Amino acid sequence: MTNAPDSAPASDFIRDRIRADLQSGKVQAVQTRFPPEPNGYLHIGHAKAITLSFSVAKEFGGRCNLRMDDTNPAKEDQEYVEAIKDDVRWLGFEWDALLYAADYFDQIYAWAELLVEKGLAYVDDQNAEQIAATRGTVTTPGTNSPFRNRTPAENLLLLRAMKAGSYGDGEKVLRAKIDMAHANLNLRDPVMYRIRHMHHQRTGDKWCIYPMYDWAHGQCDSIEGITHSLCTLEFEHHRPLYDWFCDSLGIYKPQQIEFARLNVEYLLTSKRRLLQLVEGSHVKGWDDPRMPTLRGLRRRGFPPEALVAFCKHVGVAKFNSTHEYGLLEFYVRDHLNKHAQRRMAVLDPLKLVIENWPAGHTELVEAQNNPEDPAAGTRLVPFSGELWIERDDFLENPPKDFFRLAPGREVRLRSGFFVTCTGVDKDAAGNITAVRCTYDPATKGGNAPDGRKVKATMHWVSCAHALDAEVRLYDHLFTVTDPASIDADNFLTVLNPNSLRIVRGKLEPSLKDAKGGERFQFERLAYFYCDHQDSQPGVPVFHRTVTLKDGYKAQKGAATKDQPKGGGKK
RNA sequence: UACCCCGUGGUGUAAUCGGUAGCACAGCAGGUUUUGGUCCUGUUGGUUCCUGGUUCGAGUCCAGGCGGGGUAACCA
């Protein structure tokens, strides 16, 4: 699946259990599933769940289904079904079967009648408020519904009438008859069916009663023969109910195992909050490159392989943890370093004039496409007497640890020539308008025949040949590492006003042919993604995926870490 | 103030049947380098939440604390 380091699955409590189940013979073949509700887009948290369920199945020679948990037509939409399928495939996983909870509605209903007949479920006439009010609290028991003792025969009639559409929305519900005083609130006669006269994207108008999550999920798992039903920690309290339904029905009971959901610094995975960002236009949609959605990460340029490697690395445990954002970046850089071709681009241009360059002359220099992958070949880049260099690659009065261009200093222009700074031009206000230098014709390609060394190599783009292009520089959407901890009222105050900065860059001409979906490293700056939405033929738009590590800045402290000011450097 | 779950270096995560803490990232130092990237080498960090107990031996088992998270939708 991935070539990233330590992609081998670590031993964890879930795999340990599966191994034991296989060994004891309790389980013959592993069957897992990823059960999203098609009511929104998948995000990085889902990537962990997807990676887990699909990987586990694969590792143990089992199967993994993609099942749409479409039990609530009020919130779901076919558009999301397609998006989910697309995102799962993008991550690199292929399901053994594509299934829908709605396809089991007949079976689930039949089981409901069975429970009614067994006296384990009843129709309640109370409304939602009354049911909530009589549920009790975590410290006080609930009270029985006045309709709790209806006979099985009466309940059966009522349930059938519910199904037949004899009642309006909310008029009646079917409830499991368990224990209104149970310490686990989920077992205080949970609602199984509610009435919703609604069109379902899959079953049309066949049903007007729809099963609740608890009264569908375990049943679906059972029907599919799921051996290990993996889900996140918040469903832990639901497991007793999951078990109760299967046991009461006398059907095959899969084992639900819960693990901690993924948390990453600066990222939010709450659907509600994400929706707030989109609806408030704080981002440009669900696929905004600052969003932690899979679609957003895709547009940001994150390779799916990097995401999967990250998800495998973080492991699975029950401890509620938060991963450093830097770990995610590590996997992105690790993959991109090996696969992204190099190009040169100047994002904060400063003119460099080569005084001894033959007027009007252009020379082509050969540049490596990827030093990490010789097979990527080389390309020709035009070099001339006026070049763009990065503004912060020149300093008139450099500190001792600054290796780049400065008056009197010689540096290498990558794949080009050695140049020596002879002076600067300034405007009336004293701002530097251009840097002047001379070049050494003998150093073409970047090496001096006499063996002399330079301490710095800089990127450049020929002014006459430069491609002007829009480059979008992204940074964290939030200024705090844990935006989820900020309450709803102040949530927007921690939005990073500099999370998106758009600049016009001077790019080497070959980038004119960049296609949407391609990834590059703009040397010495960062990795960039050619946007598949906004790029036009010949007019590419680039998104900064992640910066390169910067050893120089690191030495100077992290003061500018979250507030990039230079062209593309942090 | 009920019930459930969890607690290992800065962040995560490992440690066969209880045998004396490993790995990754980050950090630091050095080397290599036509990217201050990559790569290579070395290295700093842990009384395994606390207190007792069982044991020849406890991160692993037991008890009691402390701390964190979760749960009261006709959502999933």
Side-chain angles (χ1 to χ4, degrees), chain A residues 5-6 10-12 35-37 39-40 69-72 74-76 124 126-129 131-132 135-142 169-175 182-186 188 190-196 209-210 212-214 216-217 231-240 258 260 265 271 313-331 333-334 337-338 342 344 367-368 371-372 401-404 412-416 418 443 445-447 453-459 521-527 547-555 569:
Chain A
D6 84 324
S11 147
D12 57 62
E37 180 188 17
N39 72 338
D69 212 349
D70 53 354
T71 59
N72 186 356
K75 299 188 170 183
E76 296 145 12
D124 195 342
Q126 296 184 108
N127 60 35
E129 296 68 47
I131 288 176
R135 184 158 24 233
T137 69
V138 290
T139 50
T140 58
D169 289 1
E171 259 187 70
K172 286 180 164 49
V173 292
L174 180 71
R175 289 229 255 172
H182 200 104
N184 182 340
L185 291 279
N186 289 125
R188 318 245 265 223
V191 172
M192 294 166 64
Y193 272 113
R194 75 287 218 182
I195 299 172
R196 288 268 185 286
I209 57 172
Y210 292 96
M212 298 288 289
Y213 167 83
D214 288 305
H217 202 89
C231 64
T232 45
L233 251 29
E234 61 268 30
F235 292 103
E236 222 158 12
H237 318 65
H238 293 251
R239 180 157 28 98
E258 312 85 9
E265 288 178 348
K271 268 182 190 171
H313 174 88
V314 300
V316 10
K318 301 196 76 163
F319 178 62
N320 220 305
S321 58
T322 299
H323 289 81
E324 290 177 335
Y325 191 80
L327 187 66
L328 217 203
E329 291 187 316
F330 167 79
Y331 282 99
R333 291 191 185 109
D334 186 62
N337 176 51
K338 293 169 191 136
R342 316 286 122 125
M344 289 196 284
Q368 263 192 296
E372 301 300 311
D401 65 348
F402 184 83
F403 304 151
R404 284 108 93 156
R412 172 190 295 114
L413 290 180
R414 170 136 242 221
S415 307
F418 279 15
T443 58
N447 278 311
K453 304 289 183 191
V454 288
K455 294 195 77 173
T457 298
M458 292 165 31
H459 59 279
Q521 178 194 109
F522 288 178
E523 292 202 83
R524 302 208 306 132
L525 297 178
Y527 290 100
T547 61
L548 251 34
K549 288 211 305 192
D550 189 337
Y552 179 59
K553 282 288 177 4
Q555 285 168 25
K569 290 279 190 182

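Only a predicted model underlies this, so the values are computations on that prediction, with no experimental measurement involved. Note: hydrogens, waters and symmetry copies are ignored here, and every other heavy atom, side chains too, is used. Just so it is clear: chains get the letters A, B, ... in the order the sequence lines come, proteins before strands, and each one is counted from 1.
- Taking the six-membered ring for Trp and the full ring otherwise, the centers of A:Y213 and A:F235 sit less than 6.0 Å from each other.
- Closest approach to the A:R342 side chain among B:C75, B:G37, B:A72 is made by B:G37 (side chain taken as heavy atoms from C-beta onward).
- When each of B:C75, B:A15, B:G37 is scored by its nearest atom to the side-chain atoms of A:R194, the top-ranked nucleotide is B:C75.
- The aromatic ring of A:Y552 is stacked on the base of B:G36, with the two ring centres less than 5.5 Å apart and the planes inclined by under 30°.
- Base pairing annotation: B:U71 forms a Watson-Crick or G-U wobble pair with B:A2, both donor-acceptor distances under 3.5 Å.
- No donor-acceptor distance shorter than 3.5 angstrom exists from the side chain of A:R414 to the backbone of A:T457, with no hydrogens or angles considered.
- Residue A:R196 places its side chain closer to B:C74 than to any other of B:G36, B:C74, B:U38.
- Relative to the side chain of A:H237, the nucleotides B:U1, B:C4, B:A72 differ in distance, and B:C4 lies closest.
- If you check distances only, the side chain of A:H323 never reaches the base of B:G12 with a donor-acceptor pair under 3.5 Å.
- Relative to the side chain of A:L185, the nucleotides B:C6, B:A72, B:A24 differ in distance, and B:A72 lies closest.
- Each of A:R239 and A:G315 has a nearest nucleotide on RNA chain B; the 5'-most of these lies closest to A:R239.
- Judged by closest nucleotide on RNA chain B, A:A183 is the one of A:T71 and A:A183 placed further toward the 5' end.
- In this structure, the nucleotide among B:U13, B:A73, B:G36 sitting nearest to the side chain of A:S321 is B:U13.
- Using a 4.0 Å heavy-atom cutoff across all strands shown, A:L413 reaches no nucleic acid atom at all.
- In this entry the base of B:G7 is anti relative to its sugar, with a glycosidic angle more than 90° from 0.
- A:R414 comes within 4.0 angstrom of a nucleotide base, judged by non-hydrogen atoms across all strands.
- Remark: ring of A:F319 does not overlap the six-membered base ring of B:G7 in a stacked fashion, as centroids less than 5.5 Å apart with planes less than 30° apart are not both met.
- A:Q521 comes within 4.0 angstrom of a base, heavy atoms only.
- Across all strands shown, the partner of B:A29 is B:U41, judged by Watson-Crick or G-U wobble contacts whose two distances both fall under 3.5 Å.
- Within the nucleic acid shown, A:V316 comes within 4.0 Å of sugar-phosphate atoms alone, with no base atom in reach, counting heavy atoms only.
- Here the nucleotide nearest the side chain of A:D550, chosen from B:G12, B:A72, B:G36, is B:G36.
- One can find a donor-acceptor pair under 3.5 Å joining the base of B:G37 and the side-chain atoms of A:E372.
- Among the protein residues, A:E324 comes within range of the nucleic acid bases, having at least one heavy atom under 4.0 Å from a base atom.
- Minimum atom distance to the side chain of A:E76 is reached by B:A76, of the listed B:G36, B:A76, B:U8.
- With a 3.5 Å ceiling on both atom-pair distances, the Watson-Crick or G-U wobble partner of B:C61 is B:G53.
- Counting non-hydrogen atoms under 4.0 angstrom, A:V191 reaches the backbone sugars and phosphates but no base.
- Proximity note for A:R135 (side chain, C-beta onward) versus B:A26, B:G37, B:A73: the nearest is B:A73.
- Look at B:G12: its Watson-Crick or wobble partner, with both distances under 3.5 angstrom, is B:C23.
- In the interface, the side chain of A:R404 is paired with the base of B:G36 through a donor and an acceptor atom under 3.5 Å apart.
- The residue A:G170 sits close to a base: some heavy atom pair falls under 4.0 Å.
- The side chain of A:E236 approaches B:C5 more closely than any other nucleotide in the set B:U38, B:C5, B:A14.
- At a threshold of 4.0 angstrom between heavy atoms, the contacts of A:A317 are confined to the sugar-phosphate backbone, with no base atom among them.
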